[in-house]
Amino acid sequence: MRVTGAASAADELTLLTAPALAATPRLPAAAHRLLADLVRGGAALGWVEPPSAADVAALLDDVSAAARAGDAALRAAYLGDRLLGVGYWLRYARPTHRPHADLEKLAVAAEAHGRGVGRALAAALVADARAAGIEVLTLDARGDNDAALRLYRSLGFTEYGRLPGFVAVGERRYDKVFHMLDLRRPPHG
């Protein structure tokens, strides 16, 4: 897939899955840099302070193990050898919720915002969920994350709830907005 604004034919976005990422030893360090930079810039990724390298490596290990068990999908977007984004979903653990999964993280490098990387990652994760037989894919986003909320709506997600002032970042409070995509229906056109 071509990234909007890419400089040359060599600048093709590559989306890797968990099995291919296992052979990418630099992923944990690159993901740590990406996530830490985004959190430092105020990104709504669930951390107040930038995560440690060890925390990111452990997260990737856990998601990769779940993907091997068929309970997750992990995707990373590269432009050449540069990581531009990462995202994953996890199947719910509760037995009555096992047919469903939650898109827990979708993070795109600040310099790649607006270039189609987030859309490509999200669409690939939705396709992975559909292929895994996931019935409903949920997610939540911070209420001020307008670009992410627009992206999710454009992919067919619908809002099903909101907790006002629920997300605490220091003294600031933001809504927590819940979305879902019913994959039992035909794909969003």
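Note that the coordinates shown come from a computational prediction; the quantities given were computed from them, not determined experimentally.
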Trainee: In terms of heavy-atom contacts, does CZ of R184 have more than 12 from other residues, nucleotides or ligands at under 6.0 Å?
Mentor: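 It does: R184 CZ has more than 12 such atoms within range.
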
Trainee: If you look only at distance, which donor and acceptor atoms sit under 3.5 Å apart when one is on a side chain in residues 71-80 and the other is two or more places apart or in another chain?
Mentor:
from	atom 1	to	atom 2	distance (Å)
D71	OD1	R91	NE	3.1
D71	OD1	R98	NH2	2.8
D71	OD2	R98	NH2	3.3
R75	NE	D128	OD2	2.8
R75	NH2	D128	OD1	2.8
R75	NH2	D128	OD2	3.4

Trainee: If you round to the nearest 0.5 Å, how far is CD1 of I134 from CG of L90?
Mentor: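 Here the rounded value is 10.0 Å.
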
Trainee: Ring-plane angle category for Y152 and H179, please: parallel below 30°, perpendicular beyond 60°, tilted otherwise.
Mentor: tilted

Trainee: Check A120 against L13 and note the closest heavy-atom contact, atom names and distance.
Mentor: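 Reported closest heavy-atom pair: CB-CD2, 3.9 Å.
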
Trainee: Can you hop from F178 to M180 via hydrophobic side chains spaced under 4.5 Å?
Mentor: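 Per the 4.5 Å side-chain linkage, F178 and M180 are co-clustered.
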
Trainee: Describe, in one word, how the ring planes of H97 and Y92 are oriented to each other, choosing from parallel (under 30°), tilted (30 to 60°) and perpendicular (over 60°).
Mentor: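 H97 and Y92: perpendicular rings.
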
Trainee: Pick one: which of R142, R173, R172 meets side chain to side chain contact (heavy atoms under 4.5 Å, CB included) with V167?
Mentor: R142

Trainee: Under 3.5 Å, which donor-acceptor pairs do the side chains of residues 20-27 form with other protein atoms, sequence neighbours left out?
Mentor:
from	atom 1	to	atom 2	distance (Å)
T24	OG1	A20	O	3.2

Trainee: When rounded to the nearest 0.5 angstrom, what distance separates NE2 in H100 from CG in L181?
Mentor: 12.5 Å

Trainee: Between D144 and D146, does the side-chain contact (heavy atoms from CB on, under 4.5 Å) criterion hold? Intermediate values first, please.
Mentor: CA-CA 6 Å; D144 68 328; D146 296 327; 5.6 Å; no

Trainee: Treat each ILVMFWY residue as a node, draw an edge where side-chain heavy atoms are under 4.5 Å apart, and state whether Y160 and L139 are in one component.
Mentor: no

Trainee: Determine the minimum heavy-atom distance between D175 and G165, stating which atoms define it.
Mentor: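 Closest approach of D175 to G165: OD1-N, 3.0 Å.
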
Trainee: Excluding sequence neighbours, so at least two apart, what forms side chain to side chain donor-acceptor pair (under 3.5 Å) with E111?
Mentor: none

Trainee: Would a distance-only check, ignoring hydrogens and angles, find a side-chain to backbone donor-acceptor pair under 3.5 Å from W89 to L125?
Mentor: yes

Trainee: So which atom in V117 and which in A112 form the shortest heavy-atom distance, rounded to 0.1 Å?
Mentor: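 The pair with the smallest heavy-atom distance is CG2-CB, 4.0 Å.
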
Trainee: I'd like to know if the side chain of R162 and the backbone of E159 have a donor-acceptor N/O pair within less than 3.5 Å.
Mentor: no

Trainee: Check L137 against A129 and note the closest heavy-atom contact, atom names and distance.
Mentor: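 Nearest heavy atoms, L137 then A129: CD2-CB, 4.2 Å.
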
Trainee: Identify every side-chain donor-acceptor pair in residues 54-64 under 3.5 Å, counting partners at least two apart or on other chains, and give the distances.
Mentor:
from	atom 1	to	atom 2	distance (Å)
D55	OD2	S52	OG	3.3
S64	OG	L60	O	2.8

Trainee: Looking at F166, I'd like to know if its CZ atom is crowded, meaning that more than 12 non-hydrogen atoms belonging to other residues, nucleotides or ligands lie closer than 6.0 Å.
Mentor: no

Trainee: Is V86 reachable from Y88 through a run of I, L, V, M, F, W or Y residues, each pair having side-chain heavy atoms under 4.5 Å apart?
Mentor: yes

Trainee: With a cutoff of under 4.5 Å between side-chain heavy atoms, which Ile, Leu, Val, Met, Phe, Trp and Tyr residues group with V177?
Mentor: L149

Trainee: Hydrophobic clustering (ILVMFWY, side-chain heavy atoms < 4.5 Å, transitive) - are V126 and L103 grouped together?
Mentor: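 Linked within one cluster.
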
Trainee: When the side chains of residues 32-45 are checked against the rest of the protein, which donor-acceptor pairs come out under 3.5 Å, sequence neighbours left out?
Mentor:
from	atom 1	to	atom 2	distance (Å)
H32	NE2	P51	O	3.0
H32	NE2	A53	N	3.3
D37	OD1	R40	NH1	3.1
R40	NH1	A36	O	2.8

Trainee: Assess the side chains of R153 and T158: does a donor N or O sit below 3.5 Å from an acceptor N or O?
Mentor: no

